[in-house]
Amino acid sequence: NLPVTAGLTLGLFAKHGLDLDVRYTRGSKMLSDALLDGSCDLGVLSADDVVYEVETRRADLFMFMGLHAGILSLIARPGVRTARELAGGRLGVDDPASGFALVAHKILSVLGLPRAQYETLSAGGHELRAQALLDGKIDAALLTPPFTLELSARGFTSLARAQDHVPKYQASCGVTTRRWAGEHSDALVAYIRAYRESLQWTLDPANREAAVAHLAGEFGLKPELAGPTYDALADPTDGLFPDAALDVAGIQAVLHLRVEAGLLTAPPPAPSKYFDASYFRRALELNR
């Protein structure tokens, strides 16, 4: 969310004629429902959430912009040093049928722990999963900074980075409904332009100090967490996508994981079923 909140502070969204009302949700299901019932116009979901909603509910959702590949790490409770020590334990996920759950299952399988040897529990979004770990309600979860950093500082174990096991993956995306986009195409294009402008500011090393201060102030991060969180977001190999374009190969990886999990039949639909890049292309053309 840093490019959005920083862009609001810098006046970049206002520059493009947008007045954003930012609301936080407690998980992908809550946000999907908000988009579909019109209480929210734009949102951030994983590509897998979009596939899930389209395939199970025929939801009128599509991806229009790519944010990042997850910046995910598998974190386990203190004392756990290998994935196999989680046998009989509890993996916390947003939704058992969601993409990050599938990524977690794949990582644990590669690390030698079959899915049948642990329980998968719904624990909500990143903040809620981190709290569930702290409270001892779950034993492991896929998380992002700053939660990974804070838990590691408290003695929790980082077992693996998702990037090392699923190198191509489209995680968070800009998402809306085709209905809203069709009625507000200029606003959607303006949002993409403003986001990309803010993203450019965010990733500029000259703005690191200001971006870190913004993270600390906007999200209440401790100073010792704000800097490393920014560095993770700005990591050129595992951070925010520097151009905000969708990773089509990453969407294909999402589909393959769902096929492996038995949630889609082979061959899966083409990635183009779930995204529309025309608004992104319009935004690029206006910036030339």
Side-chain angles (χ1 to χ4, degrees), residues 28 45-52 55 66-126 129-130 132-133 137-145 147-149 151-152 155-173 232-233 235-241 247-268 271:
S28 58
L45 290 168
S46 75
D48 190 273
D49 293 326
V50 177
V51 174
Y52 173 79
E55 294 299 332
L67 306 186
H68 56 74
I71 324 177
L72 295 160
S73 294
L74 182 65
I75 306 296
R77 59 177 167 74
V80 172
R81 294 301 167 192
T82 69
R84 286 186 289 275
E85 292 176 42
L86 290 170
R90 300 151 298 177
L91 171 70
V93 300
D94 180 6
D95 184 313
S98 74
F100 292 169
L102 303 184
V103 172
H105 294 321
K106 185 174 184 68
I107 293 172
L108 288 169
S109 176
V110 171
L111 295 178
L113 184 67
R115 186 169 175 177
Q117 293 186 14
Y118 58 91
E119 185 180 2
T120 303
L121 301 177
S122 295
H126 291 283
R129 296 201 298 277
L133 263 177
K137 295 178 180 178
I138 57 175
D139 301 297
L142 268 185
L143 295 167
T144 64
F147 309 111
T148 52
L149 300 168
L151 288 166
S152 293
F156 287 72
T157 305
S158 179
L159 292 177
R161 290 197 316 165
Q163 185 192 43
D164 296 331
H165 298 276
V166 188
K168 294 293 290 182
Y169 190 77
Q170 178 63 71
S172 292
C173 312
L233 293 172
D235 186 326
T237 62
D238 194 32
L240 295 167
F241 290 171
D247 180 0
V248 178
I251 299 173
Q252 190 71 64
V254 166
L255 296 172
H256 284 317
L257 278 178
R258 293 193 74 79
V259 170
E260 286 181 9
L263 299 173
L264 277 178
T265 57

Point to revise | Side-chain heavy-atom pair Pro145, Ile71 within 4.5 angstrom cut-off | key: yes

Exercise for review: Could I get the full list of side-chain contact (heavy atoms from CB on, under 4.5 Å) partners for Leu111, not counting sequence neighbours?
Suggested key: Ala83, Ile107, Ala160, His165

Point to revise | Nearest non-hydrogen partners of Thr157 and Gly79, listed with the distance | key: OG1-N, 4.4 Å

Revision key, fill the gap. The reported gap from CG in Leu159 to CD1 in Ile75 (rounded to nearest 0.5 angstrom) is 7.5 Å

Review point. How long is the gap from CG on Asp48 to CZ on Arg258, to the nearest 0.5 Å?
Key: 4.5 Å

Revision key, fill the gap. Nearest heavy-atom contact between Lys106 and Glu260 is NZ-OE1, 3.8 Å

Point to revise | Shortest non-hydrogen contact from Ala171 toward Gly70 | key: CB-N, 3.3 Å

Review point. Are any side-chain N or O atoms of Gln170 and backbone N or O atoms of Ser172, one a donor and one an acceptor, separated by less than 3.5 Å?
Key: yes

**Study point:** Spacing of Arg77 atom CZ and Ile138 atom CD1 [to the nearest 0.5 Å]
**Key:** 11.5 Å

Practice item. Report the distance from atom CG of Leu108 to atom CZ of Arg84, rounding to the nearest 0.5 Å. Key: 11.5 Å

Study note, to complete from the structure: The residue among Leu74, Val93, Leu142 that forms side chain to side chain contact (heavy atoms under 4.5 Å, CB included) with Val103 is Leu142

Review point. Would you say the side-chain atoms of Asp94 pair up with the backbone N or O of Ser28, donor to acceptor, closer than 3.5 Å?
Key: yes

Practice item. To the nearest 0.5 angstrom, please state how far the NE2 atom of His68 sits from the OG1 atom of Thr144. Key: 7.0 Å

Check your understanding: Can you find a pair of side-chain heavy atoms, one from Leu149 and one from Ser152, that are under 4.5 Å apart?
Key -> no

Check your understanding: Got a donor-acceptor contact below 3.5 angstrom from the Gln163 side chain to the Thr237 backbone?
Key -> yes

Revision key, fill the gap. Heavy atoms of Arg129 and Leu143 approach each other most closely as CB-CD2, 3.8 Å

Review point. What is the distance from atom OG of Ser73 to atom CG of Asp238, rounded to the nearest 0.5 Å?
Key: 7.5 Å

Check your understanding: So which heavy atom on Tyr169 is nearest to which on Phe241, and how close?
Key -> O-CZ, 4.5 Å

Check your understanding: Quick one: does Leu91's side chain get under 4.5 Å of Leu121's, heavy atoms only?
Key -> no

Exercise for review: Would you name the heavy atoms of Leu133 and Ala140 that are closest together and state the gap between them?
Suggested key: CD2-N, 3.7 Å

